[in-house]
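The structure appears below as structure tokens.
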Amino acid sequence: MEKKKTPMPEQEPFERIKNFNEVALGYDEEDAVKEAGRCLACKKPSCVKGCPVEIDIPGFISFIKERKFDEAISKIKEKNSLPAICGRVCPQETQCEELCVLGKKDEPVAIGRLERFVADWERKKGMKTPQKVVPTGKKIAVIGSGPAGLTCAADLAKLGYSVTIFESLHKTGGVLMYGIPEFRMPKAIVETEINYIQQLGVEIRTDMVVGKSIGVDELLQDFDAVFIGTGAGLPMFMHIPGENLNGVYSANEFLTRVNLMKAYRFPEYDTPVRVGKRVAVVGAGNVAMDSARTALRLGAEESLIVYRRSEKEMPARKEEVEHAKEEGVRFMLLTNPVKIFGDEYGFVKKMECIQMKLGEPDESGRRRPVPVKGSEFTVDVDTVIVAIGQNPNPLVPKTMKGLEVGKHGNIIADEDGRTSIKGVFAGGDIATGAATVISAMGMGKKAATTIDKYVMEKK
Amino acid sequence: MSKIIRKENLAENTKLFDIEAKLIAEKCLPGQFVILRLDETGERIPLTVADFDRNRGVITIVVQEVGKTTFQLGEMKIGDSLLDFIGPLGNPSEIEKFGKVICVGGGVGIAPIYPIARALKEKGNKITSIIGARSKNLLFWEEKMRNVSDELIVTTDDGSYGRKAVVTVPLKEILDSEKIERVVAIGPPAMMKFVAKTTLPYKVKTIVSLNSIMVDGTGMCGACRCKIGEETRFACVDGPEFDAHLVDFDLLMSRQKMYLDEEKKALKRFKGSINYGEKENTHA
């Protein structure tokens with residue numbers, strides 16, 4: 001048997017930095033069948049334990065082996081309504097694939113690539129209309145149409161609930177639309193997955209800012225339960241001098257302009273974005289990698305990742321870091337910005353940084369970076385993108401009396417999604433702080449089960 | 001989709017639109033804003049609400065044509081629809097009984113000051129309003145403002161109508177002659193900056209509404225960040241109204257120039273596409 005995963009074709013780096021098309025091209029049927037053949041179909045599969053939404057992994061893979069792709073996708077969709085998305089952005093290497101027994105000696109089965117393959121196969125062929133279920137006659141409101149909200153809505157719809165999603169932006173999908181770039185998560189795919197959820201009977205109302213356009217208390221009058229999945233949308237800044245200069249973006253703003261508003265197609269699209277010749281992205285998570293790679297595609301000659309710890313501590317997925325390196329993103333590690341300087345017109349000109357060294361481990365278990373005295377230096381940059389994290393979106397919690405909130409503004413919810421208010425549930429980044437698409441989906445799923453129990457008992 | 005049900009030319013390049021928006025009108029309070037997007041390729045722009053009618057479910061906006069989106073909106077007709085119309089956003093104005101209040105509206109800022117003046121008047125305040133513009137052809141709503149004010153002063157920079165002065169001149173005269181509890185000013189940043197400078201020595205609480213660049217308008221992007229005292233705040237969720245004496249107006253003005261080149265390019269492209277405005281190559 002092959003020791004390594006069947007490779008997935010990709011656009012060449014020199015080619016892809018000139019376009020916004022998807023980097024990873026996906027398996028064809030032969031690749032998929034070959035890779036599925038590596039799966040040992042363990043009787044007691046450990047991979048499933050690593051999946052936050054508990055997909056029957058050996059089950060769907062064995063259908064691929066037999067080229068029963070239709071059955072394979074149905075198997076996945078029993079648990080996961082967004083497979084084309086998960087197959088692309090899940091950190092499989094720390095979830096299902098980490099637990100795959102093959103991984104002890106060789107490379108694990110490429111579960112993510114196989115999930116992506118069958119989802120793409122179904123989309124190309126035309127999605128099956130889901131079967132209608134018997135309505136319960138109960139209504140659920142879901143606030144936010146990101147991964148948590150979509151999953152919660154889909155699961156409740158499958159149980160026969162009448163679900164309405166309230167989305168503040170003009171497009172559905174939350175971070176899948178505004179945050180993750182086209183080259184990693186094509187928007188047409190997000191739209192197809194959302195269409196599927198609408199076919200399940202979910203109604204989506206965009207341009208509805210809950211907390212402003214309509215209150216949660218009003219929703220509670222009209223609906224039997226409310227799920228809050230409003231995400232971690234509040235950008236964090238460094239609070240250093242010069243951070244308000246023109247040319248300093250939060251990663252949220254930079255990516256929203258490009259992804260949601262399609263600034264990369266300005267002036268055909270009205271929203272502009274400014275990318276200079278030299279771009280510094282502060283931070284080393286997935287959002288930072290997305291920003292640095294986007295900057296290259298917008299024409300930056302140099303795109304730098306500035307990170308205060310070392311490569312080992314970078315929170316981004318390894319695959320994203322590799323992709324960034326291949327594309328020519330330069331890494332300035334153990335470096336922390338201290339001040340940004342502007343020109344006479346108020347635009348960024350350079351950034352002063354200081355060298356860091358790693359000290360004792362901090363509460364996150366990673367070695368704490370400490371500044372090296374006297375090591376300040378400046379780099380010439382004309383754009384700075386701050387990608388050091390996001391806090392939970394305060395809009396809904398702020399307008400709800402009696403809702404218990406943690407110190408970072410996250411809604412306090414138990415592991416089944418119950419908040420301090422009866423009938424109000426929460427999940428995803430609004431409850432946990434910024435995390436991954438799949439963990440938000442896992443919580444949306446759990447909350448759906450809890451909501452079902454709550455509403456049925458209430459009767 | 002939100003339908004335009006009335007359109008009116010108020011002044012040069014300044015148009016009023018009544019937009020059908022039942023849910024927003026139900027909730028809207030003076031000082032709040034909406035975000036609109038005209039079509040699929042459109043940008044999101046914030047506009048402070050000029051009026052609202054809960055019974056009819058209507059939001060009034062007043063738009064000065066300066067860039068591509070506002071010119072494009074200016075071309076739209078009754079019966080046309082805006083693709084997205086979102087709100088009400090931001091915090092409402094503080095409406096209390098303060099005593100004597102001066103409301104200052106400059107240029108297109110006359111529109112959003114109107115519902116604030118009206119609400120303050122209804123609350124029992126004595127309102128002196130000062131409305132001003134560069135020239136007579138840019139003034140509007142004199143009668144409406146008079147109806148919600150105990151006294152109204154009209155100024156133009158060039159003296160083509162009312163008193164020849166900038167708004168801060170009569171403002172200072174009033175501050176010199178009587179005790180004023182509060183000043184509310186909306187207009188171009190430079191005007192608001194000088195209103196703040198004028199009222200500071202008199203220690204009169206002064207409120208301004210900041211029209212920063214925004215994308216989502218719900219606290220997600222931080223494009224609208226401004227410096228209030230020593231703190232960075234977001235105009236969309238922390239404002240749009242702030243204590244004028246704490247606002248860094250120079251930063252606001254600098255940040256508003258972030259996309260000047262792109263704005264020019266987009267406007268030129270739009271005018272070219274509808275063959276509008278400059279008549280090049282004509283030798284009439």
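On a predicted model such as this, the values are computed, not experimentally measured, just so you know. Just so it is clear: chains get the letters A, B, ... in the order the sequence lines come, proteins before strands, and each one is counted from 1.
At a 4.5 Å heavy-atom cutoff, the contact between B:Arg255 and chain A is made by backbone and side-chain atoms alike. Neither the backbone nor the side chain of A:Phe254 comes within contact range of chain B; no heavy atoms are under 4.5 Å apart. Proximity to chain A (any heavy atom under 4.5 Å) is shown, for B:Ile45, by neither the backbone nor the side chain. Contact of B:Leu267 with chain A is not made at all, since no heavy-atom distance falls under 4.5 Å. Interface residue B:Phe234: only side-chain heavy atoms are found under 4.5 Å from chain A. For A:Leu234, the parts lying under 4.5 angstrom from a heavy atom of chain B are both the backbone and the side chain. Neither the backbone nor the side chain of A:Val386 comes within contact range of chain B; no heavy atom of the residue lies under 4.5 Å from a heavy atom of that chain. Contact of B:Ile24 with chain A is not made at all, since no heavy-atom distance falls under 4.5 Å. With a 4.5 Å cut-off on non-hydrogen atoms, A:Lys212 touches chain B through its backbone and its side chain both. In this structure, the portion of A:Leu245 lying under 4.5 Å from any heavy atom of chain B is its backbone and not its side chain.
The candidate from B:Arg37, B:Gln32, B:Gln72, B:Lys265 with the greatest count of non-hydrogen atom pairs under 4.5 Å with chain A is B:Arg37. Most heavy-atom pairs under 4.5 Å with chain A: of the set B:Gly222, B:Ala266, B:Pro88, this distinction falls to B:Pro88. Counting heavy-atom pairs closer than 4.5 Å to chain B, the top-ranked of the candidates A:Ile214, A:Leu169, A:Thr256 is A:Leu169. Listed options A:Phe237, A:Tyr345, A:Tyr178 were ranked by heavy-atom pairs under 4.5 angstrom with chain B; first place goes to A:Phe237. Of all the listed residues (B:Val215, B:Asp216, B:Ile35), the one sharing the greatest number of non-hydrogen pairs under 4.5 Å with chain A is B:Val215. Heavy-atom pairs under 4.5 Å with chain B peak, among A:His239, A:Glu243, A:Met261, A:Met208, at A:Met261.
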Q.
As a quick check of understanding, evaluate side-chain contact (heavy atoms from CB on, under 4.5 Å) for B:Lys68 and A:Asp270, giving each step before the final call.
A. CA-CA 8 Å; B:Lys68 189 256 176 184; A:Asp270 292 342; 2.8 Å; yes
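No more than 12 heavy-atom neighbours from other residues, nucleotides or ligands sit within 6.0 angstrom of CD on B:Glu230. For A:Lys339, the NZ atom counts as loosely surrounded, since its 6.0 Å shell holds 12 or fewer non-hydrogen atoms of other residues, nucleotides or ligands. More than 12 heavy-atom neighbours from other residues, nucleotides or ligands sit within 6.0 angstrom of NZ on A:Lys398. A:Lys187 NZ: more than 12 foreign heavy atoms inside a 6.0 Å radius.
Taking the charged nitrogens against the carboxylate oxygens, B:Glu40 and A:Lys171 do have a contact shorter than 4.0 Å, which makes a salt bridge. Residues A:Arg274 and B:Asp261 are paired through a salt bridge, judged by an N-O separation under 4.0 Å between the basic side chain and the carboxylate.
Rounded to the nearest 0.5 angstrom, B:Lys27 NZ and A:Glu218 CD are separated by 3.5 Å. For the atom pair A:Ser213 OG and B:Ile86 CD1, the distance stands at 8.0 Å (nearest 0.5 Å). Separation of atoms CG (A:Leu260) and CE (B:Met220) is listed at 8.0 Å; rounding is to 0.5 Å.
Side-chain atoms of A:Asn244 and B:Thr232 include a donor-acceptor pair closer than 3.5 Å.
Considering all non-hydrogen atoms of both residues, A:Arg257 and B:Ile213 come closest at NH2-CG2, 3.6 Å. Between B:Met258 and A:Tyr249, the shortest heavy-atom contact is CE-OH, 3.5 Å. Residues A:Phe347 and B:Lys257 share a closest heavy-atom pair of CZ-O, 4.0 Å. Closest approach of A:Ser250 and B:Cys221 over heavy atoms only: OG-O, 2.6 Å. Nearest heavy-atom pair across A:Phe266 and B:Glu262 is CZ-O, 3.4 Å. Residues A:Gly346 and B:Ser254 share a closest heavy-atom pair of CA-OG, 4.0 Å.
In this structure, the side chains of B:Thr41 and A:Arg265 stay at 4.5 Å or more apart for every pair of heavy atoms.
With hydrogens and angles ignored, the 3.5 Å screen pairs no side-chain donor or acceptor of A:Asp207 with any backbone N or O of B:Asp84. Of the possible polar contacts, one joining the B:Arg269 side chain to the A:Pro267 backbone as a donor-acceptor pair under 3.5 Å is found.
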